[in-house]
Amino acid sequence: MLDIKLFREDAERVRAGMRKRDMDPAPVDEVIALDVKRRELLQEVEELKAERNTVSKEIGKMKDQAKRQAKIDAMGTVNAKIGKLDDELKEVDEKLRSILAVIPNIPDENVPKGFKEEDNVVTKQVGEIPEFDFEPKPHWELGPALGVIDFEQGVKVTGSRFYVLSGPAARLQRALIAFMLDLHIGQGYLEKYTPFMVKEDTVFAAGQLPKFADNLYKDHEEDLYMIPTAEVPLTGIHMDEILDEESLPRQYTAYSPCFRREKMSAGRDVRGIKRGHQFDKVEMYMYTKPDDSDAAFEKMVADAEATCIELGIPYRLILKCAGDTSEAARISYDIEVWAAGCQEWLEASSISNVGDYQSRRANIRYRGQGEKKTKFLHTLNGSGLGLPRTMIAVMENNQQADGSILIPEVLRPWMGGIEVIVPS
RNA sequence: GGAGGGAUGGCCGAGUGGACGAAGGCGGUUGUCUUGAAAACAACUGUGGGUUAACUCCCACCGGGGGUUCGAAUCCCUCUCCCUCCGCCA
């Protein structure tokens, strides 16, 4: 959510931001009109309320019954007006909020123009693309052959886009989770374990609603949503709080499963474990002061990159163009990991500086030392890599001619002595 | 699942329908005193919104929503959460 003052003072900036994302800026004018209307109504109704307050106080002190009753009667018409205006105001307010809720964040000036994936900019590529003296296989062949990924079982118990990991593959995923969490803890993040089901307010605060309602699983009996990312509860934990300046920046990391309907991607990435309705992820999250978020963003990108570097996975860093940057974000980088078997770059991480877009929705503020006014702080989020795609890279890049998979050195401490995955 | 009790400012805690945006305490800030600190004393100290060039003034907020009333922290309804006891089960 953007600051309403921005619409009063510099609406053109908002319009320009929307155009940069290839969106129609018309809602900006709606917001401005509603804001004007809202303030007119506010002034009118507040004046009447002020009158009611003073008269009510007078009534309380009056002894003369006749005069007293006359005052009370007079208040009847005032109250009727107040009721009518309050209703109107509520209507305007709701309309205003609902439009404001779907206006995206303003892209950072460093975000490249463009609306499509092709307009994203590859800023760097790190690591050697592995060479093989045999034909490397995709994981959907390697896994079943080794007996460690079972697609049929996933379909059997749930349906398409579900799978079962077995033995060393299940353990590999667990090792990756532990490795990533420990890495981020070392980088200064505080580990959190959060609920995986959240209420609607929490999803709204994180900016996933109303836009992505289609992509979320919901328990209609309890009105709870399954989280699509740990970013949602990590935004929610400080809702409506005023944080101490000294406690900033706050750096959190959390493991969580993520649940997504993927309706928009029907028919895409159907093979393998690339895009499931349920996947695991280790997330990084930061709360910073506004002036610190740019530097924090660089740190978070580097922290995510470190995951690939330590695992020896070749990756490239992509600066997303305006049209491809998520609506809550100011600026986002994707990390794409190389998968030797599928022969493609897989998006394994997205790191975003959200500015005050989420904190405004979630009402998370801080107070500067000796300052009277509270300020909205900035939030940043980034995947410390999604697990399935990291698994794919590890499996496919480390495969050997006989179909076995070498476990990277850094993961061995969690592998219970397993150094290579061989057919079971 | 059954029976009770509760939710008030950063924290603790009072609050008979008009004095209450809210006593008192703690904490915090500033000042006096002190070489400095502590102690003591004094003043200030919630959030959001509107209005104004500004001083100002006004409105709303006592867990959320609704209602009664000229007037609600206070009465009524409802929801959520917390606590205690009993039962049941991981």
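Numbered from 1 within each chain, the chains take letters A, B, ... in sequence-line order.
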Polar atom pairs between nucleotides 79-82 of chain B and protein, under 3.5 Å, N or O only, would you list them?
none

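- For A:Gln69, the side-chain hydrogen bond (donor to acceptor under 3.5 Å, both in side chains) partners at least two apart in sequence or on another chain are A:Asp73.
- For residues 170-183 of chain A, no residue pair satisfies the salt bridge (Lys or Arg N to Asp or Glu O under 4.0 Å) rule, not counting sequence neighbours.
- Contacts between residues 49-58 of chain A and RNA chain B, defined by a heavy-atom separation below 4.0 Å, involve A:Lys49, A:Ala50, A:Arg52, A:Asn53, A:Ser56, listed by number.
- Taking atom C1' in both B:G66 and B:A72, the straight-line distance is 14 Å, to the nearest Å.
- Counting only heavy atoms from C-beta on, A:Leu42 has its side chain closest to B:G49 among B:G18, B:U47, B:G49.
- Residues that satisfy the salt bridge (Lys or Arg N to Asp or Glu O under 4.0 Å) test with A:Asp93, not counting sequence neighbours, are A:Arg38.
- Applying the salt bridge (Lys or Arg N to Asp or Glu O under 4.0 Å) criterion to A:Asp292, with sequence neighbours excluded, gives no partner residue.
- Taken residue by residue, residues 74-100 of chain A places heavy atoms nearer than 4.0 Å to RNA chain B at A:Met75, A:Asn79, A:Lys90.
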Give the table of side-chain donor-acceptor pairs shorter than 3.5 Å for residues 137-149 of chain A, with sequence neighbours excluded, one pair per line with atom names and distance.
residue	atom	partner	partner atom	Å
A:His139	ND1	A:Glu396	OE2	2.9
A:His139	NE2	A:Ile273	N	2.9

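- When the side-chain nitrogen and oxygen atoms of A:Thr374 are compared with OP1 and OP2 of B:G48, one or more of them lie within a distance under 4.0 Å.
- Base-pairing analysis of RNA chain B finds the following stems of at least three consecutive Watson-Crick or G-U pairs, with both pairing distances under 3.5 Å: B:1-7 with B:80-86, B:10-12 with B:24-26, B:27-32 with B:40-45, B:46-50 with B:57-61, B:63-67 with B:75-79.
- Here, B:C76 and B:A40 have their P atoms 44 Å apart, quoted to the whole Å.
- Counting only residues at least two apart or in different chains, salt bridge (Lys or Arg N to Asp or Glu O under 4.0 Å) contacts with residues 320-334 of chain A comprise A:Lys211-A:Glu327, A:Lys320-A:Asp324, A:Lys320-A:Asp334.
- A:Glu9 meets the salt bridge (Lys or Arg N to Asp or Glu O under 4.0 Å) test with no other residue; sequence neighbours excluded.
- Residues satisfying the salt bridge (Lys or Arg N to Asp or Glu O under 4.0 Å) criterion with A:Lys199, sequence neighbours excluded, are absent altogether.
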